Amino acid sequence: MTSTASSTDTRQDQPAAQHPPAWRHRLRRFGWTPRPGADVRTRLVPPYAEPSPRLAVVLGLPASAMDRLTRWSAWLGPLVVALFAGVLRFWQLGSPKAVIFDETYYAKDAWALLQRGYELEWPKDINDDVLREGSAIALPEAASYVVHPPVGKYLIGLGEWMFGFTPFGWRFVTAVLGTLSVLMLCRIGRRLFRSTFLGCLAGALLAIDGLHFVMSRTALLDLIVMFFVLAAFGCLLIDRDRARARLATALPAGPDGVPRPDASIADTLRLGWRPWRIAAGVSLGLASATKWNGLYFLAAFALMAVLWDVGARRVAGARLPYLSVLKRDVFPAFLATVPVALVTYVLTWTGWILSPSNGKGGYFRDWAATSGQGGSWTWLPDWLRSMWHYEAVVLDFHKGLSSPHQYESNPWSWLVAGRPVSYFYESPAPGKDGCPADTVDKCAREVLALGTPLLWWAACFAILYALWRWLLRRDWRAGAVLCGIAAGYLPWFLYQERTIFYFYAVVFVPFLCLAVAMLVGALLGPKGSSELRRTVGAAGAGVLILLIAWNFVYFWPIYTGQAIPIDSWRARMWLDTWI
């Protein structure tokens, strides 16, 4: 048994008055509360919330059946929510039968990668031929200059390989990933909040977010980035729980059987093999190999994971937790994320690397053998030097991209959905393309990349609540949610002169849904609240959720390209900037 002198917990011998500093007393007026008094093992690995005993009474179930239902709901609930999301996303997935918005780039690049291993230069006016001929269309010969890495296009090509070069084929994988991301968010929310209900609520909100829904039904890259970012976040959460459980198991128990913080263990224990961090590194490498904004998440999540280790060692009793983490955890954390992500990124270029370097392969594949001859780096492989040059040219392109576009938007407007992007629009006459024959005026068919407005507007308040929880309640869950939002949102403020679009925000939509779920949890009230408090909170939360669901249903026609009378379409244009 560890001696009293080796522990930082003075309560082993006698209770000691623990007074927070005076500045913390002054913060009470803003909502600061002292750390809860649970034992250290519970603080390291909090239990999952149990359903109220009244629920068993309402359902008429015995205790044993209620226990089984509680266990099954951990997966059954998320699977039901994901099934609902999948039905929505696969319903008439091939409609509109058109090459909409930037599908004109990625669907064709994906087909070229599938056939040749690198992108090809398609004629400008070939979209009608693609829709007519499908997989039988002739491939161009020349390589194409593209500005995004290949992973997202490979995945889009996977759907084309299974279902052909058709709208359903090139949208299939994004619909699958959109559905799986709902399932992941349910499980992530459950682990984050220790509540199956709040986890499933976060997933359900993602299922009915208009931006996520539209992006799940369109062959663009940003939803694929979101999927890998969310997967990385989930992997890091699992790693956090496992590392803290390992610390908790190593801590000694006092004479009363209650685990005690122990400075020597907390400062020196090595947390061992952490495969979930490596999985997170692979996921972040795949996100960055889809679009480069995945690199911001790599930096943010790596820092977040290290701070989680600091918090774990502090709770376990470390005297100098930052120094302990610097000695024990930082280098392994770096190896498990940054180099793993880098290797993953390079491997995704294999098709381009293996293409001919004689001018008949990928774009710039022959650079080292032609324009790049000479210099001090010729000892490196030709493919690596050509790839480095390609990446440098792409970086210059992204920094200088300022061509005006009618749907570009400033990131200041994103959270309030100020300028959505119209992916597809046509005005069919009565009796044509789904327009009712008795329509007085013409109809409108549109696919508008617009987040469910009431969800996004509620998320603005949820972000403020999360900031309060993080800064004044020291709630790590709020900090984790804010980290995901900040990594996906704040970097775009560095490029306000660049041509950027609202749909880039889909990358952090899952974290907005987590923030709203956290706000709903606060509305429901903490454990032990009075009956009146619970009733009022449940009514308020229920109204909010129902309004968000109604809002999604109301905008359904302009998310799916359904033909509606022009007056009905105008009624849905709540802001002038949506037109």
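Values in this document were obtained by computation on a predicted structure and should not be read as measured data.
- For the pair L236 and R277, the tightest heavy-atom approach, listed with the atom from each and the gap, is CD2-CG, 4.1 Å.
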Full working for salt bridge (Lys or Arg N to Asp or Glu O under 4.0 Å) between R242 and D239: CA-CA 5 Å; R242 293 195 171 192; D239 172 76; over 6 Å; no
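- Listed for the R313 side chain is a donor-acceptor partner under 3.5 Å among the backbone atoms of L269.
- Using a distance-only test at 3.5 Å, with no hydrogens or angles considered, a donor-acceptor pair links the side chain of Q496 to the main chain of F493.
- Judged by distance alone, with hydrogens and angles left aside, the side-chain atoms of Y502 form a donor-acceptor pair with the main-chain N or O of G451 at under 3.5 Å.
- The two residues C513 and L455 make their nearest non-hydrogen contact at SG-CD2, 4.3 Å.
- Scored by the side-chain contact (heavy atoms from CB on, under 4.5 Å) test, L320 finds L323 as partners (sequence neighbours excluded).
- The backbone N or O of H148 lies less than 3.5 Å from a partner atom in the side chain of K153, making a donor-acceptor pair.
- A donor-acceptor contact shorter than 3.5 Å is absent between the side chain of R328 and the backbone of R270.
- In this structure, S288 contributes its side chain and G285 its backbone to no donor-acceptor pair below 3.5 Å.
- A donor-acceptor contact shorter than 3.5 Å is absent between the side chain of R244 and the backbone of R240.
- Residue pairs meeting the side chain to side chain donor-acceptor pair (under 3.5 Å) criterion with at least one member in residues 174-188, sequence neighbours excluded, are S181-H212.
- When F297, F508, W412 are each tested for a ring pair (Phe, Tyr, Trp, His ring centres under 6.0 Å) with Y489, only one passes: F508.
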Side-chain atoms of residues 190-201: list all donor-acceptor pairs with protein atoms under 3.5 Å, sequence neighbours left out, distances to 0.1 Å.
residue: R190; atom: NE; partner: T196; partner atom: OG1; Å: 2.9
residue: R191; atom: NH1; partner: D241; partner atom: OD2; Å: 2.8
residue: R194; atom: NE; partner: P46; partner atom: O; Å: 2.8
residue: R194; atom: NH1; partner: R191; partner atom: O; Å: 2.6
residue: R194; atom: NH1; partner: D241; partner atom: OD2; Å: 3.2
residue: R194; atom: NH2; partner: D241; partner atom: OD2; Å: 3.3
residue: S195; atom: OG; partner: F197; partner atom: N; Å: 3.4
residue: S195; atom: OG; partner: L198; partner atom: N; Å: 3.1

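- Counting only N and O atoms by type, the side chains of N410 and S413 include no donor and acceptor under 3.5 Å apart.
- Formation of a donor-acceptor pair under 3.5 Å by the D209 side chain with backbone atoms of T452 is found in this model.
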